[in-house]
Amino acid sequence: MHIAIAGNIGSGKTTLTKLLAKHYGYRPLYESTDNNPYISSFYEDMRRWAFNLQIYFLHTRFKQLVDIRKQSANVIQDRTLYEDAYIFAPNLHAMGLLNTRDLENYNQMFELLASFIQPPDLLIYLKGDVPDLIRQIQKRGREYENAIRLDYLTSLNQRYENWIENYTQSKLLVIDINQVNFADNPEDLGLVINQIDAEFNSLFTNDDNIITH
């Protein structure tokens, strides 16, 4: 079983990955941020480091997916390969931070790598408003995130909404983080787990339908 958690910066992907991995006994696969050699530089100078950062994420997430296939393990993945290609890279291009030549080069590499992977069995999308995302970003206090631009975060959020609206690659569960505090409220976490269990059941009873909440 492969569960992937998608969502904007500050939506709680890593927290939910950790909680669900503990509950289900699955292997967690976290997004590499602390050891990322580009991310601090990127937030200081997005135009200079945008392409480098995107290639780094493309490589590390593809490697995660290759490892999943080799080990045949039950995993919960923090952020997906698709978000880089359908949200972050085109957003940087639209903001004038990634030139067309680099975007086309990136897209060609993504399409090649994507042809070797399968989508997750279940995608969980953490939906949140920008003010809530900003509060979460400030709460966790990562120094390099202090330089995140508001227009960058807002544009990402709109792209996430558009992507999820048209997502059909696998089962989809949408969690509204404005209404569900799974990080601090055990009852809310229980509600999330119940919804995931329902999706698990539907995977084995009706593979043709995409069910969202």
Side-chain angles (χ1 to χ4, degrees), residues 1-34 61 64-65 67-68 71-84 86-87 118-142 145 153 156-213:
M1 182 67 68
H2 176 194
I3 300 174
I5 301 179
N8 204 346
I9 303 165
S11 60
K13 298 180 301 300
T14 300
T15 298
L16 186 59
T17 297
K18 186 181 300 182
L19 292 169
L20 294 181
K22 180 179 179 180
H23 175 80
Y24 290 108
Y26 285 10
R27 176 188 170 192
L29 296 177
Y30 296 109
E31 183 178 31
S32 178
T33 54
D34 293 338
R61 272 191 260 277
Q64 281 186 337
L65 294 171
D67 290 342
I68 290 172
Q71 297 178 16
S72 299
N74 292 323
V75 299
I76 299 180
Q77 183 184 21
D78 176 355
R79 187 165 275 154
T80 68
L81 190 74
Y82 304 108
E83 290 164 83
D84 291 311
Y86 298 139
I87 295 169
Q118 295 178 336
D121 298 296
L122 173 65
L123 178 71
I124 301 174
Y125 171 56
L126 301 182
K127 173 186 174 71
D129 295 334
V130 172
D132 289 294
L133 297 174
I134 293 174
R135 280 193 290 270
Q136 290 302 314
I137 291 170
Q138 293 173 340
K139 181 180 178 180
R140 64 191 185 190
R142 294 174 181 169
E145 290 182 338
L153 199 64
L156 286 177
N157 226 34
Q158 184 58 56
R159 288 183 182 274
Y160 264 107
E161 292 298 307
N162 294 339
W163 175 57
I164 289 299
E165 185 177 348
N166 297 288
Y167 182 83
T168 58
Q169 283 92 334
S170 66
K171 295 286 185 180
L172 172 63
L173 174 63
V174 178
I175 304 295
D176 189 342
I177 66 170
N178 303 315
Q179 300 179 14
V180 178
N181 182 8
F182 51 77
D184 302 315
N185 189 331
E187 291 185 359
D188 284 356
L189 177 60
L191 292 174
V192 172
I193 290 171
N194 288 339
Q195 290 182 316
I196 293 172
D197 289 344
E199 297 294 352
F200 281 171
N201 292 333
S202 70
L203 280 170
F204 298 107
T205 59
N206 189 349
D207 291 335
D208 297 326
N209 294 328
I210 301 294
I211 303 175
T212 63
H213 298 274

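Keep in mind it's a predicted model, so treat the numbers as computed, not measured. Starting from 1, each residue takes its place in the sequence as its number.
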Problem set entry | Closest non-hydrogen atom pair, Ser170 against Pro120 | CB-O, 2.9 Å

For this session: Calculate, to the nearest 0.5 Å, the distance between atoms NE2 and CD belonging to His2 and Gln64 respectively.
Result: 8.5 Å

Exercise. How far apart are the C-alpha atoms of Val180 and Leu191, what are their side-chain angles, what is the distance that settles it, and do they pass the side-chain contact (heavy atoms from CB on, under 4.5 Å) test?
Worked result: CA-CA 9 Å; Val180 178; Leu191 292 174; 5.7 Å; no

Exercise. By salt bridge (Lys or Arg N to Asp or Glu O under 4.0 Å), which residues pair with Arg27, not counting sequence neighbours?
Worked result: none

Seminar exercise, completed: Taken in chain and number order and not counting sequence neighbours, the residues that satisfy side chain to side chain donor-acceptor pair (under 3.5 Å) with Glu161 are Tyr125, Lys127

For this session: Begin from the C-alpha positions of Ile87 and Leu156 and carry the test side-chain contact (heavy atoms from CB on, under 4.5 Å) through to its verdict.
Result: CA-CA 7 Å; Ile87 295 169; Leu156 286 177; 3.8 Å; yes

Exercise. Yes or no on side-chain contact (heavy atoms from CB on, under 4.5 Å) for Leu16 and Ile76, after CA distance, side-chain angles and deciding distance?
Worked result: CA-CA 9 Å; Leu16 186 59; Ile76 299 180; over 6 Å; no

For this session: Any chance you could measure Leu173, atom CG, to Gln195, atom CD, to the nearest 0.5 Å?
Result: 5.0 Å

Exercise. Just by distance, do the side chain of Tyr160 and the backbone of Gly7 share a donor-acceptor pair under 3.5 Å?
Worked result: yes

Exercise. Can you name the residues that form a side chain to side chain donor-acceptor pair (under 3.5 Å) with Asn178, not counting sequence neighbours?
Worked result: Asp129, Asp176

For this session: Tell me, please, which residues at least two apart from Arg135 pass side-chain contact (heavy atoms from CB on, under 4.5 Å).
Result: Pro131, Asp132

Exercise. Taking only residues two or more places apart in sequence, or in another chain, which ones meet Thr80 in a side chain to side chain donor-acceptor pair (under 3.5 Å)?
Worked result: Glu83

Seminar exercise, completed: When every non-hydrogen atom of Gln136 is compared with those of Gly10, the smallest separation belongs to CB-O, 3.1 Å

Exercise. Taking the side chain from Asn157 and the backbone from Leu153, do they hold a donor-acceptor pair closer than 3.5 Å?
Worked result: no

Problem set entry | Partner of Asp78 under side-chain hydrogen bond (donor to acceptor under 3.5 Å, both in side chains), chosen from Thr14, Thr15, Thr17 | Thr14

For this session: Measure centre to centre between the rings of Tyr86 and Tyr167, then say whether the value is under 6.0 Å.
Result: no

For this session: Report yes if the side chains of Val192 and Ile124 come closer than 4.5 Å at any heavy-atom pair, otherwise no.
Result: no

Problem set entry | Qualifying salt bridge (charged side-chain N to carboxylate O under 4.0 Å, His left out) pairs with a residue from residues 11-24, counting only residues at least two apart or across chains | none

For this session: With sequence neighbours excluded, tell me which residues meet ring-ring contact (aromatic ring centres under 6.0 Å, His included) with Tyr82.
Result: none

Output side-chain donor-acceptor pairs under 3.5 Å for residues 181-190, partner residues at least two apart or in another chain, one line each.
unit_1 : atom_1 : unit_2 : atom_2 : d
Asn181 : OD1    : Asp184 : N      : 3.3
Asn181 : ND2    : Asp184 : OD2    : 3.4
Asn185 : OD1    : Glu187 : N      : 2.9
Asn185 : OD1    : Asp188 : N      : 3.4
Asp188 : OD2    : Asn181 : N      : 2.8

Exercise. Roughly how far apart are Ile5 CD1 and Leu19 CG, rounded to 0.5 Å?
Worked result: 9.0 Å

Seminar exercise, completed: Scanning both residues in full, the closest heavy-atom pair of Glu199 with Leu172 reads OE2-O, 3.9 Å

Seminar exercise, completed: d(Leu65 CG, Gln77 CD) to nearest 0.5 Å is 5.0 Å

Exercise. In Å and rounded to the nearest 0.5 Å, what is the OH to CE distance from Tyr24 to Met1?
Worked result: 9.5 Å

Seminar exercise, completed: In this structure, CD1 of Ile3 is separated from CG of Asp121 (nearest 0.5 Å) by 8.5 Å

